[in-house]
Amino acid sequence: MIPVCEPLLDGNELEYVKDAITSTWISSSGKYVSELEKKFPEYIGVNHATLTTSGTTALHLALRAIGLGEGDEVIIPAFTMIACAFSVCYCGAIPVFVDSDRETWNMNPDLIEEKITSKTKAIMVVHIYGHPCDMDPIYEIAKKHNLLIIEDAAEAMGSEYKGKKCGSLGDISCFSFFANKMITCGEGGIVVTSNKNFYDKCRYFKNLCFPLDKPRVFLHDDIGFNYRMTNVHAAIALAQLEKVDAYINLRREHAKLYNERLKDIGGITLPSEKDWALNSYWMYSILIEDKFNLSRDELMQVLKEKGIGTRPFFIGMHRQKSLLDFGCDSSGDYPVTDEIARKGLYLPSGSGLKVEQIDYICDTIRTL
Ligand SMILES: Cc1ncc(COP(=O)(O)O)c(C=O)c1O
């Protein structure tokens with residue numbers, strides 16, 4: 001089976017993990033935590049970073065740090081991964097959905113303003129499958145309505161908007177280090193920001209609200225979380241960060257090969273890359289149009305039988321029972337989200353994919 005996305009762990013991972021264990025610094029302090037919290041923001045081009053246990057907890061922490069609470073609303077894409085919505089719900093706030101842009105599959109900036117109310121506190125942008133959002137119109141809206149921008153860059157390590165790295169585009173930004181991400185440590189995440197106040201709040205809330213700069217007495221003024229990453233996980237993630245540029249190049253090279261081989265097969269829409277964008281192609285994603293010989297689901301089944309792993313696209317937030325039960329408004333139409341959710345799939349996309357495997361996948365699709 002060609003897996004849909006296998007991690008590539010071909011750097012200093014073992015050496016660093018061994019060193020962390022030998023040193024006995026296996027909890028949430030240690031040189032790999034410090035080193036990663038220094039090097040990661042340098043790479044992204046922001047001032048501060050704090051590690052967390054997942055991309056989901058990074059989002060929760062970021063939203064807690066900006067003071068999101070009961071009665072507030074956050075604009076999020078209708079087409080995204082569920083953690084974006086859940087992190088808003090964890091704060092007692094309500095996620096409000098915006099339909100997608102037909103080409104990039106990201107939140108459509110033209111549809112944001114009509115969703116803003118007096119309760120809106122922030123816009124959460126999500127760079128879906130590695131293509132950056134068109135930020136300029138979003139900046140304008142945020143400025144006009146005095147809203148913060150939360151950036152979910154979990155799928156966009158290495159992607160760029162007008163030459164700036166994703167992760168440096170929001171007031172506060174989050175990444176995931178889950179096994180299928182551009183760099184991984186199994187489970188983990190990070191919040192990055194150039195806002196010192198937000199950074200301090202993140203460090204405070206992620207560590208059970210132990211005071212930041214006072215002796216560690218057991219008095220807590222607020223309710224906090226334990227979202228601390230271990231030094232062992234940080235050791236893996238640091239080794240991965242050392243190789244990130246190579247991984248981004250590999251994914252872009254693989255996308256080029258896929259594009260060349262699939263472009264003349266009728267009924268397949270290829271992923272886009274706008275001229276202002278650098279798409280990391282975190283997941284090589286396509287739409288199976290109605291004129292293709294098979295439906296998306298039939299194609300996935302055939303590919304599975306031929307040993308090729310795929311995944312369907314996300315399903316819209318307006319179709320999630322959990323969110324509707326929570327009180328989210330699902331009225332209105334989300335035609336683009338529904339359409340791409342029905343037609344989309346991703347093909348094997350791991351950095352370790354071989355050219356022969358891409359050939360086999362594309363040849364298989366061509367014969368159907
Ligand atoms: C856009 C997006 N946000 C958040 C997450 C959550 O990250 P994690 O799985 O590390 O909690 C993911 C994926 O896993 C994601 O794709």
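Side chains are part of it too, since the values below use all heavy atoms of this structure and drop only hydrogens, waters and symmetry mates.
For the pair Lys165 and Tyr43, the cation-pi criterion (under 6.0 Å, within 45° of the ring axis) is fulfilled. Geometric assessment of Arg216 against the ring of Phe210 yields a positive cation-pi assignment under the 6.0 Å and 45° thresholds. With a 6.0 Å cutoff to the six-membered ring centre and a 45° limit on the axis angle, Arg64 counts as a cation-pi contact of Phe205.
Heavy-atom contacts from other residues, nucleotides or ligands closer than 6.0 Å to CG of Asn146 number 12 or fewer. Within 6.0 Å of atom NZ in Lys306, 12 or fewer heavy atoms from other residues, nucleotides or ligands are found, so the atom counts as exposed in its surroundings. In the displayed structure, Glu140 atom CD is contacted under 6.0 Å by at most 12 heavy atoms of other residues, nucleotides or ligands. For Leu368, the CG atom counts as densely surrounded, since its 6.0 Å shell holds more than 12 non-hydrogen atoms of other residues, nucleotides or ligands. Within 6.0 Å of atom CD1 in Ile315, 12 or fewer heavy atoms from other residues, nucleotides or ligands are found, so the atom counts as exposed in its surroundings. Heavy-atom contacts from other residues, nucleotides or ligands closer than 6.0 Å to CG of Leu212 number more than 12.
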What do the steps show when you test Arg366 against Asp264 for salt bridge (Lys or Arg N to Asp or Glu O under 4.0 Å), and what is the final call? CA-CA 9 Å; Arg366 185 178 296 280; Asp264 55 351; 3.4 Å; yes
Report the C-alpha distance between Arg342 and Asp290 in whole Å, list the side-chain angles of each, state the deciding distance to 0.1 Å, and finish with yes or no for salt bridge (Lys or Arg N to Asp or Glu O under 4.0 Å). CA-CA 10 Å; Arg342 177 172 67 82; Asp290 295 335; 3.1 Å; yes
Under the side-chain hydrogen bond (donor to acceptor under 3.5 Å, both in side chains) rule, what do Thr193 and Asn195 come out as? Steps first, then yes or no, please. CA-CA 5 Å; Thr193 179; Asn195 181 313; 5.3 Å; no
Apply ring pair (Phe, Tyr, Trp, His ring centres under 6.0 Å) to Tyr129 and Tyr346, showing your working. CA-CA 9 Å; Tyr129 303 143; Tyr346 28 101; 5.2 Å; yes
Would Glu37 and Arg228 count as a salt bridge (Lys or Arg N to Asp or Glu O under 4.0 Å) here? Give the steps. CA-CA 12 Å; Glu37 288 184 342; Arg228 304 179 304 248; over 6 Å; no
Apply the test ring pair (Phe, Tyr, Trp, His ring centres under 6.0 Å) to residues Trp276 and His131: give CA-CA distance (whole Å), side-chain angles for both, the deciding distance (0.1 Å), then the verdict. CA-CA 10 Å; Trp276 39 260; His131 194 295; 5.5 Å; yes
Working for side-chain hydrogen bond (donor to acceptor under 3.5 Å, both in side chains), residues Ser351 and Arg251: CA-CA 6 Å; Ser351 302; Arg251 302 251 181 163; 3.0 Å; yes
Test log, rule salt bridge (Lys or Arg N to Asp or Glu O under 4.0 Å), inputs Lys31 and Glu35: CA-CA 6 Å; Lys31 77 176 187 200; Glu35 191 77 355; over 6 Å; no
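Within the 4.5 Å cutoff, no side-chain heavy atoms of Asn207 are placed close to those of Asn226. The side-chain heavy atoms of Val302 and Leu294, taken from C-beta on, include a pair separated by under 4.5 Å. Inter-residue side-chain proximity for Pro312 and Met300 is flagged as met; some heavy-atom pair is nearer than 4.5 Å. Considering only heavy atoms from C-beta on, Asp152 stays 4.5 Å or farther from His127 through its side chain.
Donor-acceptor pairing under 3.5 Å is lacking for the side chains of Ser295 and Asp297. Judged purely by distance below 3.5 Å, without hydrogens or angles, the side chains of Glu187 and Thr53 never pair a donor atom with an acceptor atom. A side-chain donor-acceptor contact under 3.5 Å links Asp101 and Thr104. For the residue pair Ser27 / Thr230, no side-chain donor-acceptor distance below 3.5 Å is found, with atom types taken as modelled. A donor-acceptor contact closer than 3.5 angstrom links the side chains of Tyr161 and Asp134. There is a side-chain donor-acceptor pair under 3.5 Å between Asp10 and Tyr247.
At a threshold of 4.5 Å between side-chain heavy atoms, the hydrophobic network of Ile, Leu, Val, Met, Phe, Trp and Tyr places Met1 and Leu299 in two separate groups. Note on Trp25: it does not cluster hydrophobically with Val17, by side-chain heavy-atom contacts below 4.5 Å among ILVMFWY residues.
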Check residues 68-77 and write down every donor-acceptor pair under 3.5 Å in which the side-chain atom is one partner and the other belongs to a residue at least two apart or another chain.
from: Asp72; atom 1: OD1; to: Lys121; atom 2: NZ; distance (Å): 2.8
from: Asp72; atom 1: OD2; to: Gly69; atom 2: N; distance (Å): 2.8
from: Glu73; atom 1: OE1; to: Thr117; atom 2: OG1; distance (Å): 2.9

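For Phe313 and Phe79, the distance between ring centers is under 6.0 angstrom. Phe97 has its ring centre no less than 6.0 Å from the ring centre of His318. Between Tyr16 and Tyr32, a ring centre-to-centre spacing shorter than 6.0 Å is recorded. Between Phe40 and Phe177, the distance from one ring center to the other falls under 6.0 angstrom. Taking the centre of each ring, Tyr227 and His60 come in below the 6.0 Å mark.
Across all non-hydrogen atoms, the minimal contact from Gly316 to Thr337 is CA-CG2, 3.6 Å. Across all non-hydrogen atoms, the minimal contact from Pro271 to Trp105 is CA-CH2, 4.1 Å. Between Pro348 and Leu353, the shortest heavy-atom distance links the atoms O-CD2, 3.2 Å. The two residues Tyr284 and Leu270 come nearest to each other via the heavy atoms OH-CD2, 3.5 Å. Counting all heavy atoms, side chain and backbone alike, Ala58 lies closest to Val191 at O-CG2, 3.5 Å. Closest non-hydrogen pair, Pro7 versus Ala179, comes out as CB-O, 3.6 Å.
The pair Glu339-Arg102 meets the salt-bridge criterion, since a charged nitrogen lies less than 4.0 angstrom from a carboxylate oxygen. Remark: Lys18 does not engage Glu13 in a salt bridge, criterion side-chain N to carboxylate O under 4.0 Å. Salt bridge annotation for Asp338-Arg319: present, with a cationic side-chain nitrogen under 4.0 angstrom from a carboxylate oxygen. Ion pairing between Lys38 and Glu42 holds under the 4.0 Å rule for side-chain N and carboxylate O.
Judged by distance alone, with hydrogens and angles left aside, the side-chain atoms of Ser285 form no donor-acceptor pair with the main-chain N or O of Leu345 at under 3.5 Å. With hydrogens and angles ignored, the 3.5 Å screen pairs a side-chain donor or acceptor of Asp329 with a backbone N or O of Ser331. Under a 3.5 Å cut-off, the side chain of Asn106 and the backbone N or O of Ile128 do form a donor-acceptor pair. In this structure, Gln357 contributes its side chain and Lys354 its backbone to a donor-acceptor pair below 3.5 Å.
Interatomic distance, Asp245 CG to Lys243 NZ, rounded to the nearest 0.5 Å: 11.5 Å. For the atom pair Met135 CE and Lys164 NZ, the distance stands at 9.0 Å (nearest 0.5 Å).
A salt bridge (charged side-chain N to carboxylate O under 4.0 Å, His left out) check over residues 193-202, counting only residues at least two apart or in different chains, returns the pairs Lys196-Asp200, Asp200-Arg203.
Residues passing the salt bridge (charged side-chain N to carboxylate O under 4.0 Å, His left out) test with Lys162, sequence neighbours excluded: Asp136.
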